[in-house]
Amino acid sequence: MVAKTPASPAFSRLVTLREQPLAYPKSLVELAYEQLLSMLVTMKIAPGAHIGIEALSRDLQISPTPIREALTLLEAQKLAYKIPNVGFRAAELLTRPEIDDLFEMRLLIEPRAAAFAALRSNQQSFDALTTLSEQMARVAGGDETDYALFAEGDARLHHLVASASGNRFIAQTIEGLHVHLHIFRFLFRTNAPERALQEHAAIVSALLARDPDAAEAAMRAHLEASRQRMAAALDHHDDALPGPAGTPPRRIDTGDSHP
């Protein structure tokens, strides 16, 4: 695959997991990051698979050095991990019990965080949320790279709301989960971006109105809707797995999938 310069905004520039300056031309690292993020989120690189840097270098027409730097960024997001003397591997998918536990925790924390943000956030945080929402709207429904960037933008939006709550323990908890991008791996090829955009708009609108009750309700509604999409995606994933020997994989239509 020949690397293309994405027309969409690079949400990776907003990622704050790693603050130190990059040692290589930033454009090359960002390009490698976006391409790798797309491959991981859309599972073109299978969960648990070895990530061959030399092969990627040839396919993407990017030298190995920025690819290694991009993999380090993805390792910080728990999408890849490095094994000494072996190299990088893609993270495994979350299990169904892990996802259930995750949503239970998020429903306990994030709606209240949104309510706090409505009361405590400063204008700078509101401006950042508004800008990010506009950027995500421009890439919703795009190609696979756009989908991956939307997923990263979704993670960033939730982190921004948590940070705007003014409670650093809440912000650290949400930041430490590193789960949003993993969830989007299951949701690939669903209508999640279009629906999530509407849900995000309700959250941001409530925050801008400084309405804590509406912000809490909008965040809860978004998480519940995401949980329902996740359940359908998990059912689809389970039924697409190979059946007993000699039988084809089972597949179902969740009603959300693109043709």
Side-chain angles (χ1 to χ4, degrees), residues 41 78 93-121 125-126 129-130 132-133 136-137 139-141 147-148 150-167 169-239 252-258:
V41 170
K78 310 299 183 185
L93 292 175
L94 296 174
T95 65
R96 187 183 288 262
E98 287 173 335
I99 290 169
D100 288 340
D101 290 346
L102 165 67
F103 272 99
E104 284 184 3
M105 182 176 182
R106 293 183 68 190
L107 282 163
L108 286 171
I109 297 175
E110 292 196 60
R112 289 304 297 161
F116 291 149
L119 294 171
R120 303 171 181 172
S121 183
S125 295
F126 285 158
L129 281 167
T130 301
L132 182 58
S133 297
M136 292 173 70
V139 297
Y147 176 84
F150 183 94
E152 188 184 32
D154 180 272
R156 182 64 179 148
L157 184 142
H158 283 269
H159 294 161
L160 281 172
V161 173
S163 296
S165 73
N167 186 315
F169 295 106
I170 289 177
Q172 289 170 356
T173 298
I174 299 301
E175 183 79 17
L177 291 175
H178 296 293
V179 295
H180 297 80
L181 291 172
H182 293 275
I183 288 175
F184 271 79
R185 296 166 83 192
F186 281 106
L187 295 176
F188 179 54
R189 295 196 186 285
T190 74
N191 289 324
E194 288 78 5
R195 297 183 183 185
L197 270 179
Q198 298 174 4
E199 295 156 15
H200 290 163
I203 295 169
V204 173
S205 177
L207 291 172
L208 294 176
R210 292 200 177 275
D211 185 334
D213 293 336
E216 181 171 356
M219 179 63 79
R220 187 176 302 280
H222 170 51
L223 292 174
E224 291 287 6
S226 180
R227 191 176 199 174
Q228 292 174 9
R229 288 191 289 267
M230 194 73 237
L234 283 168
D235 289 341
H236 186 273
H237 178 264
D238 291 345
D239 283 282
I252 61 172
D253 183 1
T254 66
D256 290 332
S257 298
H258 292 304

Item to check | CG on Leu129 to CD1 on Ile203, rounded to 0.5 Å | outcome: 9.5 Å
Checklist entry - Hey, is the main chain of Ser226 close enough, under 3.5 Å, to the side chain of Arg195 for a donor-acceptor pair? => result no
Checklist entry - Which atoms form the tightest heavy-atom contact between Phe116 and Ser165, and what is the distance? => result CB-O, 3.6 Å
Checklist outcome for this item: Smallest heavy-atom separation, Leu197 atom then Ser133 atom, equals CD2-O, 4.4 Å
Next on the checklist: Less than 4.5 Å apart, side chain to side chain, heavy atoms only: is that true for Arg106 and Met219?
Outcome noted: no
Checklist entry - Quick one: does Leu160's side chain get under 4.5 Å of Ser125's, heavy atoms only? => result no
Checklist outcome for this item: In short, Met136 meets Asp154 closest at the heavy-atom pair CE-N, 3.4 Å
Item to check | Distance, nearest 0.5 Å, that separates CG of Leu234 from CG of Asp100 | outcome: 8.0 Å
Checklist entry - Can you list every pair that meets ring pair (Phe, Tyr, Trp, His ring centres under 6.0 Å) and has a residue in residues 203-229, with sequence neighbours left out? => result His158-His222, His200-His222
Checklist entry - Among pairs that include at least one residue of residues 215-224, which meet salt bridge (charged side-chain N to carboxylate O under 4.0 Å, His left out), considering only residues two or more places apart or in two chains? => result Arg112-Glu216, Glu216-Arg220
Item to check | Minimum-distance pair of heavy atoms, taken over all atoms of Phe103 and Leu223 | outcome: CE2-O, 3.7 Å
Checklist outcome for this item: Closest non-hydrogen atoms of Gly153 and Leu132, given as atom of the first, atom of the second and distance, are O-CD2, 3.6 Å
Next on the checklist: For a 4.5 angstrom cut-off between non-hydrogen side-chain atoms, does Arg96 reach Asp235?
Outcome noted: yes
Checklist entry - Sequence neighbours excluded, which residues qualify as side-chain contact (heavy atoms from CB on, under 4.5 Å) partners of Ala117? => result Val161, Ala164, Leu207
Next on the checklist: Looking at every heavy atom in both Thr130 and Val204, which two are closest together, and how far apart are they?
Outcome noted: OG1-CG1, 4.3 Å
